[in-house]
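Both counts, for ligands and for their atoms, begin at 1 and track the order of listing.
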Amino acid sequence: MYLSDFNSLDEATARDIARVWAAVPAWVDAVVAGRPYASIDMLTARATELAKGWGPDELGQALSQHPRIGEKAEGAGAEATASRREQSTMTDADPAVVAAITAGNAAYERRFDRVFLIRAAGRTPDQILGELQRRLANDDEAEVAEACAQLAEIALLRLRGAIDG
Ligand SMILES: NC(=O)NC1=NC(=O)NC1=O
């Protein structure tokens with residue numbers, strides 16, 4: 001869709017679209033409230049700025065829309081479609097790597113009590129596994145910051161994939 005379309009959509013429809021980018025209600029409302037955007041750069045700058053305030057609560061809100069790495073997102077919704085596209089690198093992954101990621105996901109959830117979140121697009125399964133194992137050693141605060149940064153990267157990738165200047 002063009003930026004002009006996003007600018008002129010009714011609030012509810014604009015929120016439905018921004019919610020696919022990151023299912024963080026306050027962030028969705030603020031991104032939509034910032035319309036009309038003069039350029040895609042202004043939109044991405046505001047979306048990035050607003051994501052800087054994310055913490056454990058926002059992670060919890062957004063994670064319901066992100067299947068585990070290596071798990072196929074079910075359904076035909078926009079979020080599931082985006083997840084499948086982003087995780088397509090896992091489709092032909094080495095079974096040993098998939099097994100290690102699955103075990104790593106379980107270890108991560110035991111350690112941090114939430115799903116491991118990473119911007120999967122542009123990463124190989126090996127790179128994802130390496131990041132998972134590295135981040136497992138993070139302390140709580142550092143890991144919240146890393147997970148929020150990944151959530152923001154996913155949001156900006158989805159935003160840029162949805163809106164043409
Ligand atoms: N648990 C996850 O990291 N999920 C995901 N990462 C992505 O880039 N897309 C997802 O659905």
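Distances below 4.0 Å separate heavy atoms of Ser83 from the following atoms of ligand 1: 10 (C), 11 (O). When each atom of ligand 1 is checked for a heavy atom of Arg119 under 4.0 Å away, the hits are 8 (O). Under a 4.0 Å criterion applied to the non-hydrogen atoms of Gln87, ligand 1 contributes the atoms 4 (N), 5 (C), 10 (C), 11 (O).
Here the side chains of Asn105 and Val115 are not in contact, with every heavy-atom distance at 4.5 Å or above. With a 4.5 Å cut-off on side-chain heavy atoms, Lys72 and Ser83 do not count as touching.
Nearest to atom 2 (C) of ligand 1 among the protein's heavy atoms is Pro67 O, 3.4 Å.
Tested against Glu86 for a side-chain hydrogen bond (donor to acceptor under 3.5 Å, both in side chains), the candidates Arg158, Arg119, Arg123 yield a single pass: Arg158.
Within the 3.5 Å criterion, the main-chain N or O of Val32 finds no donor-acceptor partner in the side chain of Arg15.
Considering backbone and side-chain N/O atoms, Ala120 comes within less than 3.5 Å of an N/O atom of ligand 1. In terms of polar-atom proximity, defined here as any N/O pair under 3.5 Å, Glu86 does make such a contact with ligand 1. Below 3.5 Å of separation, one finds no N or O of Leu117 facing any N or O of ligand 1. Note: an N/O pair closer than 3.5 Å links Ile118 and ligand 1 by distance alone. Considering backbone and side-chain N/O atoms, Arg68 never comes within less than 3.5 Å of an N/O atom of ligand 1.
Looking at residues two or more places apart in sequence or on another chain, you find a ring pair (Phe, Tyr, Trp, His ring centres under 6.0 Å) between Phe116 and Tyr108.
Under 4.0 angstrom from ligand 1, the non-hydrogen atoms of Ile154 all belong to its side chain. At a heavy-atom distance under 4.0 Å, no atom of Gln150 approaches ligand 1.
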Item to check | Glu49/Arg46 under salt bridge (Lys or Arg N to Asp or Glu O under 4.0 Å): CA gap, chis, key distance, verdict | outcome: CA-CA 5 Å; Glu49 193 52 38; Arg46 178 161 166 84; over 6 Å; no

Next on the checklist: Is there a side-chain hydrogen bond (donor to acceptor under 3.5 Å, both in side chains) between Thr13 and Asp10? Walk through the geometry before answering.
Outcome noted: CA-CA 6 Å; Thr13 307; Asp10 64 281; 2.6 Å; yes

Taking only distance into account, with no hydrogens and no angle test, what donor-acceptor pairs under 3.5 Å do side-chain atoms of residues 21-31 form with protein atoms, sequence neighbours excluded?
{"unit_1": "Trp27", "atom_1": "NE1", "unit_2": "Ala47", "atom_2": "O", "d": "3.0"}

